[in-house]
Amino acid sequence: QVQLVESGGGLVEAGGSLRLSCVVSGGTFSDYALGWFRQAPGKEREFVAVISWTGRTTYYAGSVKGRFTISKDNAKNTVYLQMNSLKDEDTATYYCAAAKTGWAVTTPAEFDYWGQGTQVTVSS
């Protein structure tokens with residue numbers, strides 16, 4: 001059984017930084033594409049970033065490009081999301097997800113496993 005556990009969320013002032021982590025267990029971590037999504041109250045879940053199984057391909061939502069960086073550490077079975085220059089509109093619950101395809105896909109339906117989410121709140 002594959003499990004994903006996020007951590008690192010919290011309250012931060014606008015302009016600040018946070019690093020989210022997601023530990024994946026129960027599967028072959030290095031085979032998965034790994035993504036981050038977020039969902040704000042009253043809104044649909046939206047794509048944030050993805051990294052392919054090789055780590056060589058990454059994609060970002062336009063709203064976070066240049067501010068967020070996705071990375072992974074195969075030795076630790078962990079995917080990270082470094083978030084800099086945070087804005088009010090980044091406030092949401094952030095979810096990590098794993099896709100068995102391995103390719104850098106971007107829609108929720110293409111991901112097979114999900115974490116429970118971690119809350120990020122940006123105050124101005």
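Taking Ile, Leu, Val, Met, Phe, Trp and Tyr as hydrophobic and joining them when side-chain heavy atoms fall under 4.5 Å apart, one finds Y32 in a cluster with V2, L4, V12, L18, L20, V24, F29, L34, W36, V48, I51, Y60, V64, F68, I70, V79, L81, M83, L86, Y94, Y113, V120, V122.
For the pair T91 (side chain) and T121 (backbone), a donor-acceptor distance under 3.5 Å is absent. Under the 3.5 Å distance criterion, the side-chain polar atoms of E6 are matched with a main-chain donor or acceptor of C96.
Of the N and O atoms on the side chains of S123 and E13, not one donor lies less than 3.5 Å from an acceptor on the other residue. Side-chain contact, S17 with N84: a donor N or O sits under 3.5 Å from an acceptor N or O.
Other residues, nucleotides and ligands contribute only 12 or fewer heavy atoms inside 6.0 Å of the CD atom of Q116.
Screening residues 98-120 for salt bridge (Lys or Arg N to Asp or Glu O under 4.0 Å) gives no qualifying pairs among residues at least two apart or on separate chains. Identified under the salt bridge (Lys or Arg N to Asp or Glu O under 4.0 Å) test for residues 41-55, with sequence neighbours left out: R38-E46. Among pairs with a residue in residues 60-82, those fulfilling salt bridge (Lys or Arg N to Asp or Glu O under 4.0 Å) read R67-D90, at least two apart in sequence or across chains.
Every side chain to side chain contact (heavy atoms under 4.5 Å, CB included) that T54 has, sequence neighbours left out, goes to S52, R56. Residues forming a ring pair (Phe, Tyr, Trp, His ring centres under 6.0 Å) with Y59 (at least two apart in sequence, or on another chain): none.
Note that CZ of F47 and OG of S63 are 9.5 Å apart. Values are rounded to the nearest 0.5 Å.
Ring pair F37/F111 is perpendicular by interplanar angle, where above 60° counts as perpendicular and below 30° as parallel.
The minimum heavy-atom distance linking S21 with T78 is given by the pair CB-CG2, 4.2 Å.
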Intermediate values then yes/no, side chain to side chain donor-acceptor pair (under 3.5 Å), T93 and Q39: CA-CA 5 Å; T93 300; Q39 188 167 18; over 6 Å; no
